[in-house]
Amino acid sequence: DSELWFSKGMEYYAKGDYDKSANLLGGILARYAGTSKYDTIVITYASSLVKLRDYYTAAHYYTDYVKTYPSSPKCEECQYMAGYCYYKMSPKVDLDQQDSESAIEELSLFVNLYPENPKVPDAERMIQEMEDKLALKSFNSAKLYFDLGNYMGNNYESCVITAKNAI
């Protein structure tokens, strides 16, 4: 019974039982696609996933919602949350920074589309953190070439090129 799943999923979310809420709402997402309840279901489902720290799946649903329903009044919150999810997935500096780049992209889009939103300063702070992380990664790459010196060729040239790219 989809209606029962919907009501129980919303009830569990209100009580803070996000695991049960996500399981129930995720099970009925496809059945409600294109209906008036789909907004509520997908956003509550994605919010449950954020509470469960499943940022990857939550980012997918927020991004998909924004692309599917660009004129919805809930797009503003979904755009911010997509960027927030990527921000939370951003790894330490030594690892691949694809999620940091995605966070910058999503949060920049949020700031540009909704400049009056009260969450803009928070989004700008997260963007700055991600940009600092990317800059540090570039610096570390250049430093690695410098530290290698003349080992197996002239790494100083690579250092200069990498440093110029970082700048």
Side-chain angles (χ1 to χ4, degrees), residues 6 9-10 12-19 21-23 25-26 28-30 32-144 160-167:
F6 171 74
M10 298 305 285
Y12 284 130
Y13 183 82
K15 288 181 181 177
D17 193 347
Y18 305 114
D19 191 35
S21 175
N23 286 332
L25 295 176
I28 59 171
L29 267 175
Y32 282 95
T35 67
S36 60
K37 287 186 179 178
Y38 184 75
D39 286 11
T40 306
I41 294 170
V42 74
I43 292 170
T44 307
Y45 176 61
S47 297
S48 295
L49 294 172
V50 168
K51 300 286 187 182
L52 296 170
R53 295 188 175 121
D54 184 358
Y55 300 115
Y56 181 79
T57 309
H60 165 75
Y61 279 102
Y62 284 127
T63 305
D64 187 54
Y65 183 85
V66 170
K67 288 178 184 175
T68 307
Y69 303 101
S71 60
S72 170
K74 297 178 181 178
C75 275
E76 197 168 337
E77 181 66 20
C78 289
Q79 183 67 52
Y80 173 80
M81 289 304 295
Y84 174 78
C85 288
Y86 284 116
Y87 169 78
K88 294 299 279 183
M89 289 188 295
S90 176
K92 59 184 180 176
V93 175
D94 300 336
L95 300 175
D96 178 43
Q97 294 299 310
Q98 180 61 45
D99 289 329
S100 299
E101 292 168 0
S102 296
I104 291 170
E105 183 180 325
E106 295 292 334
L107 290 168
S108 295
L109 188 58
F110 169 75
V111 169
N112 290 332
L113 290 175
Y114 311 105
E116 301 299 318
N117 191 294
K119 293 183 179 179
V120 166
D122 191 41
E124 289 173 337
R125 177 191 56 77
M126 289 187 275
I127 291 169
Q128 187 61 50
E129 279 184 42
M130 297 297 99
E131 288 175 344
D132 290 346
K133 190 181 280 193
L134 293 174
L136 181 58
K137 181 157 179 78
S138 295
F139 172 78
N140 288 345
S141 296
K143 186 175 180 319
L144 173 66
V160 171
I161 293 168
T162 304
K164 282 182 181 178
N165 289 341
I167 291 171

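Note that the structure is predicted; figures quoted are calculated from it, not measured. Numbers for residues simply follow the sequence, beginning at 1.
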Expected output: side-chain E105 to main-chain G83 donor-acceptor under 3.5 Å: no
With E76 via side chain to side chain donor-acceptor pair (under 3.5 Å) - residues at least two apart: N117
Nearest heavy-atom neighbours spanning A82 and A59: O-CB, 4.3 Å
Stepwise side-chain contact (heavy atoms from CB on, under 4.5 Å) check, L107 with E124: CA-CA 8 Å; L107 290 168; E124 289 173 337; over 6 Å; no
Over 12 non-hydrogen atoms of neighbours within 6.0 angstrom of OH in Y114: yes
Polar side-chain atom of S21 near backbone of D17 as donor-acceptor pair, under 3.5 Å: no
N112 (side chain) donor-acceptor with S108 (main chain) under 3.5 angstrom: yes
Test item: Q97 side-chain N/O and S90 main-chain N/O as donor-acceptor pair under 3.5 Å: no
Side chain proximity check, D94 to K137, heavy atoms < 4.5 angstrom: no
Working for side-chain contact (heavy atoms from CB on, under 4.5 Å), residues D39 and Y65: CA-CA 8 Å; D39 286 11; Y65 183 85; 3.0 Å; yes
Distance in Å, I41 CD1 paired with T44 OG1, rounded so as to fall on 0.5 Å steps: 8.0 Å
Side-chain donor-acceptor contact under 3.5 Å, Y62 with S47: yes
Donor-acceptor pair, side chain of K133 and main chain of Q128, under 3.5 angstrom: no
Value rounded to 0.5 Å, distance of CE in M89 from CG in D54: 9.0 Å
Heavy-atom side-chain contact between L49 and Y18 under 4.5 Å: no
Electrostatic pair E129:R125 at N-O distance under 4.0 angstrom: yes
Quiz item: cation-pi between K74 and Y69, 6.0 Å / 45°: no
Residues that Y32 engages under ring-ring contact (aromatic ring centres under 6.0 Å, His included), provided they are two or more places apart: none
Any residue meeting side chain to side chain donor-acceptor pair (under 3.5 Å) with K15, in chain and number order, not counting sequence neighbours: E11
Inter-residue atom distance E106.CD - I127.CD1, 0.5 Å rounding: 10.5 Å
Chi angles and distances behind the ring-ring contact (aromatic ring centres under 6.0 Å, His included) call for Y55, Y86: CA-CA 7 Å; Y55 300 115; Y86 284 116; over 10 Å; no
Approximate separation, where rounding is to 0.5 Å, of F110 CZ and M81 CE: 11.0 Å
S138 side chain reached by T162 side chain, heavy atoms, under 4.5 Å: no
Least distance between heavy atoms, F6 atom then L25 atom: O-CD2, 4.2 Å
Residue pair Y80 / D122, side-chain heavy-atom distance below 4.5 Å: yes
Candidate pair V50 and Y84, rule side-chain contact (heavy atoms from CB on, under 4.5 Å), full reasoning: CA-CA 10 Å; V50 168; Y84 174 78; 4.3 Å; yes
Distance-only donor-acceptor check, side chains D99 and Y56, under 3.5 Å: no
Reported CE-to-NZ distance for the pair M126 and K119, which is rounded to 0.5 angstrom: 9.0 Å
Nearest-0.5 Å distance that lies between atom CG in L134 and atom CD in E101: 5.5 Å
Distance-minimising heavy-atom pair for C85 and A58: SG-CB, 3.8 Å
Donor + acceptor pair across side chains of Y12, N23 (<3.5 Å): no
